[in-house]
Amino acid sequence: MGPSGKMLKKLSCSGLLRGDRLCRRHISSAALNLASIERKWRGRTLPLRDIRHSKGKFYVLSMFPYPSGVLHMGHVRVYAIADVVARFKTMQGYHVVHPMGWDSFGLPAENAALSFNVHPKLWTETNIAKMKAQMTAINAAFDWKREISTCDASYYKWTQHLFLRLYRAGLVYRKQSFVNWDPVDQTVLANEQVDSNGCAERSGAQVEKRKLNQWFLRITDFAQDLLQDLDNLDWPRSVKQAQQHWIGQMRGLELDMEVFDSNGDRVSADFTAFTPLSKVTSLPTHIAIGIDHPLLSSTPPSHTADVARATALIARANIVRTGFEGAFTGLQAYHPTTGYLPIYLADYPNPTSTARLGFGQEEAEDQQFAQKHQIPLSSESTVSKLGSHMRPKTVYKLRDWLISRQRFWGTPVPMLHCDHCGLVPVPESELPLKLPDNKEVGKRDAAATTVASIAACPSCGSKARTDPDTMDTFLDSSWYWLRFCDPHNDVAMCDESTARALLPADLYIGGMEHATMHLLYARFISKFLQKQGIAETPDGEPFRRLLTQGMVQAETYRHPTNGRYLKRDELVWDNDTPYLKDDGTRPLVSWEKMSKSKYNGVDPSSVIETYGSDATRLYVLYKAAPSDELVWDDRAIVGMTRWLAKIWNLVNHNCRKTVGHDESSSASTVEKEALRVATHSTIKEVTQALDKDYSFHVAISFLIKLTHSIEHYCARRRPAAVRASNDPELTEALSCLTRMIAPFAPVIAEELWSIISSSGKSVFEESWPSVDQKLLRARKVVCPIMINGHTKGTIEVHPDNLSDTVFLEKLAKADPNVRQYLVDETGRQKQIQKIIFGKHTKAGRGRVISFVVAE
């Protein structure tokens, strides 16, 4: 039963909504003033080391955002990950490149212009200013001197230059094609922007098919390289598998044929059909061609109406397959070994520009199509006749990249349409071909969104029209990783020597949702730029290592009757249980991806204001492994604030200068050695976690453990006046702990370092702690010995001997405490049925040795 009406009113009036319960009362140290420390250190930049005097370069890049105006917790997670790595690598002595910019062209700005009657540029620039301030609030140490924005003419000039390079290389063409049309946003969508239900990813509208003149890039020319070079990338397997599936290599056989119409007139002498079968055992039954196959233009008049109806049906069904639609084209393909085969327009050839040789008795899709359209199946064996005429062929499902967009707010296509010369590139000297600043974006239609204007043809001097389309924003973002290396270069995309020095990006961080769009396009453009001699990288790959972060999920509430998503101000809480304000019933509760439409988003600004940026960063890094989904629970952040308060207390109590004599008792040699071992074991584990695994949650766990070890060490001494100045082991431990928390919690680390060190330097100008390997190697570890599940003794061994199970067995049997359990009352040896050795994966720990003995 829910709370009474009076209680509901009391809960509501007292402000016991979830967000209101966040407060600083949990901080255990009154001396720790987080707000004051935040103001003091916020926005401090990282010290950059001269690349000539460093270990080398380290380029860490997080996917730049669209400037919507508001950061969400997913952004915070990505930028916290990147910032930790950047700060860590800086302390290791690397020249770190850690830039940020804005993917600032696109439909949302244009929609906002329509809704609020403002120019997209003004809307975009306002949002950039807001988000930049929010990034400063989370203390992400981006190198803002490298800032770029794709809607800035100084950037899209080079996007247009890239287009013209592609055009001159024969990788750009324009043709009529069926496209995905969003009737709400009135624009073309790439296949990747249409979901599995045939709806636009952004607007949610049911996507239509239209035939328009469109610009394409020949990404298919790079299909083989894009596929084979995946093997050399240090990327998540799921991303590589997604790209492998999207590229879709198919090995099979092809056959050259001729095409005739119903009158027996030859239509084509150069026609090739493909089958994914590696070997054939029967005659083919038909030919299936896709809606983009050029042969469709030769359809005889007697079949034009049927083909047009089927084309319209397939165009719709091609978004979400309905099942083997098609129509007979009135054409037939001929080969001496097959005879005449009917050619059908069909919905299953992939890609749609191919012709498929249908074997209705051998391949499932061919069979289903033949059955639906009543095509007779052949039973004649043709291995000896047909096989010798076919040759191996590899094809790809990957389609050429459609980059045309019917929008205003995008990079203009740098091409002119001249009535005398046809298509003419805009001269390089006239780039950028700019968007009109005074353009009024009113009601969305073709006239409103066009960027076309009148220009002079550079070939003949007559009037020409600029192209009306803008380019896909994925082309803008396909090369931004290069521009970050040399963002202010006004004579080239990037200086070649600078590109060689800084590329590839060593770590790229972003979402799995970009696996078959941005990441594939960026690889294609990078390989092209390598061929052009602009960006030299191994295999032409832009990103050496990829880290894909998981989604951030939050508690979501829906109405128990109609399933409507509920806002938090529609609820009250009683002992952490939510109830509807209006009737006291309990809502449906689930954990779902943060989304505005579900009212479950968390504003990072309010969390940072309540807990500080350090605790917020620590929470998103500690709660889950980077690739796992993060289940948001703002109440748990208090654990991070308590930990920071403990470190604050340890440093303040032990490192501040005091007046008077030192009354501390001296720690024993064993205690001192134990603290040093704990310190250097932590350095080893944290360095491994940040350098190799990017297991930030593991690193934080070890830092928390070291904090406990230091607390324990201090508690065993006279706590009234313990001073690190008289205790080198404690000094080392606190110094190392502060430097190791610095990448995660830079604000408090800077403040603590100003107490610990008298150098006056930033903690990020200090070196990362190094491991005393000799200390760790010299220390023995303890191996518990169990007999039939009960611990009966322990042995100490050197860590180097842990892998020698024969040695461990002999040592265990020789231990007096253990030996008595291995003999019976008469002194005879008991039968040992099995010896089990535990794992030894953690530094500083031994292996469990377990004897199974017959009773």
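Side-chain atoms are counted along with the backbone in the values below, which use heavy atoms only and exclude waters and symmetry mates. Just so we're clear, the structure is a prediction, and the values are computed from it rather than from any experiment.
Every pair tested for salt bridge (Lys or Arg N to Asp or Glu O under 4.0 Å) that includes a residue from residues 213-226 fails, sequence neighbours excluded, so the list is empty. Identified under the ring pair (Phe, Tyr, Trp, His ring centres under 6.0 Å) test for residues 497-516, with sequence neighbours left out: Tyr508-His518, Tyr508-Phe543. Counting only residues at least two apart or in different chains, ring pair (Phe, Tyr, Trp, His ring centres under 6.0 Å) contacts with residues 220-245 comprise Phe222-Phe524. Applying the salt bridge (Lys or Arg N to Asp or Glu O under 4.0 Å) test to residues at least two apart or on different chains, the pairs with a partner in residues 408-427 are Asp419-Arg465. The list of salt bridge (Lys or Arg N to Asp or Glu O under 4.0 Å) pairs with a residue in residues 477-504, not counting sequence neighbours, is empty. Contacts classified as salt bridge (Lys or Arg N to Asp or Glu O under 4.0 Å) and involving residues 508-533 (residues at least two apart or in different chains) are given here: Asp229-Lys527, Arg523-Glu541, Lys527-Glu541.
Residues forming a ring-ring contact (aromatic ring centres under 6.0 Å, His included) with Phe163 (at least two apart in sequence, or on another chain): Trp215. Applying the side-chain hydrogen bond (donor to acceptor under 3.5 Å, both in side chains) criterion to Tyr694, with sequence neighbours excluded, gives no partner residue. In this view, His417 satisfies the ring-ring contact (aromatic ring centres under 6.0 Å, His included) rule with no residue, not counting sequence neighbours. Checked against ring-ring contact (aromatic ring centres under 6.0 Å, His included), Trp181 has no partners two or more places apart in sequence or in another chain. With sequence neighbours excluded, no residue forms a ring-ring contact (aromatic ring centres under 6.0 Å, His included) with Phe58.
For the pair Pro99 and Val60, the tightest heavy-atom approach, listed with the atom from each and the gap, is CD-O, 3.6 Å. Smallest separation of non-hydrogen atoms from Leu482 and Ala535: CD1-CB, 4.2 Å. Annotation for Phe408 and Glu110: closest pair N-OE1, 3.0 Å, computed over non-hydrogen atoms. Considering all non-hydrogen atoms of both residues, Gly540 and Ser526 come closest at O-OG, 2.7 Å.
For the pair Arg87 and Phe764, the cation sits on the ring face: its NZ or CZ lies under 6.0 Å from the ring centre, inside 45° of the axis.
Using modelled atom types, one finds a donor on one side chain and an acceptor on the other under 3.5 Å when comparing Asp472 with Trp401. Remark: the Trp479 side chain and the Thr159 side chain contain an N/O donor-acceptor pair separated by less than 3.5 Å.
Residues Gln243 and Leu226 fail the side-chain proximity criterion, which asks for heavy atoms closer than 4.5 Å. Side-chain contact between Met131 and Trp102 is present, with at least one heavy-atom pair separated by less than 4.5 Å. Within the 4.5 Å cutoff, no side-chain heavy atoms of Tyr155 are placed close to those of Ser104. Using a 4.5 Å cut-off on side-chain heavy atoms (C-beta onward), Ser627 and Met512 make no contact. Here the side chains of His119 and Trp409 are in contact, with some heavy-atom distance below 4.5 Å. No side-chain heavy atom of Val426 sits under 4.5 Å from any side-chain heavy atom of Thr466.
Exactly one residue among Asp539, Asp506, Asp234 makes a salt bridge (Lys or Arg N to Asp or Glu O under 4.0 Å) with Arg544. That residue is Asp506. Applying ring pair (Phe, Tyr, Trp, His ring centres under 6.0 Å) to Tyr521 and the options Tyr480, Trp481, Phe474 leaves one that passes, Phe474.
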Check against ring pair (Phe, Tyr, Trp, His ring centres under 6.0 Å), Tyr59 and Phe484: CA-CA 10 Å; Tyr59 184 178; Phe484 272 139; 7.3 Å; no
Derivation and outcome, side chain to side chain contact (heavy atoms under 4.5 Å, CB included), residues Ile128 and Glu147: CA-CA 11 Å; Ile128 286 175; Glu147 182 180 10; 4.2 Å; yes
Side chain to side chain contact (heavy atoms under 4.5 Å, CB included) assessment of Arg42 paired with Asn139: CA-CA 6 Å; Arg42 178 171 289 173; Asn139 283 295; 3.9 Å; yes
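Classification of the His75-Tyr79 ring pair by plane angle, with boundaries at 30° and 60°, yields parallel.
The environment of Lys598 atom NZ is dense: over 12 non-hydrogen atoms of other residues, nucleotides or ligands sit within 6.0 angstrom. Lys593 NZ: 12 or fewer foreign heavy atoms inside a 6.0 Å radius.
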Got a list of side-chain donor-acceptor pairs under 3.5 Å for residues 166-175, not counting sequence neighbours?
residue: Arg168; atom: NH1; partner: Glu428; partner atom: OE2; Å: 3.3
residue: Arg168; atom: NH2; partner: Glu428; partner atom: OE2; Å: 3.3
residue: Tyr173; atom: OH; partner: Asp400; partner atom: OD2; Å: 2.7

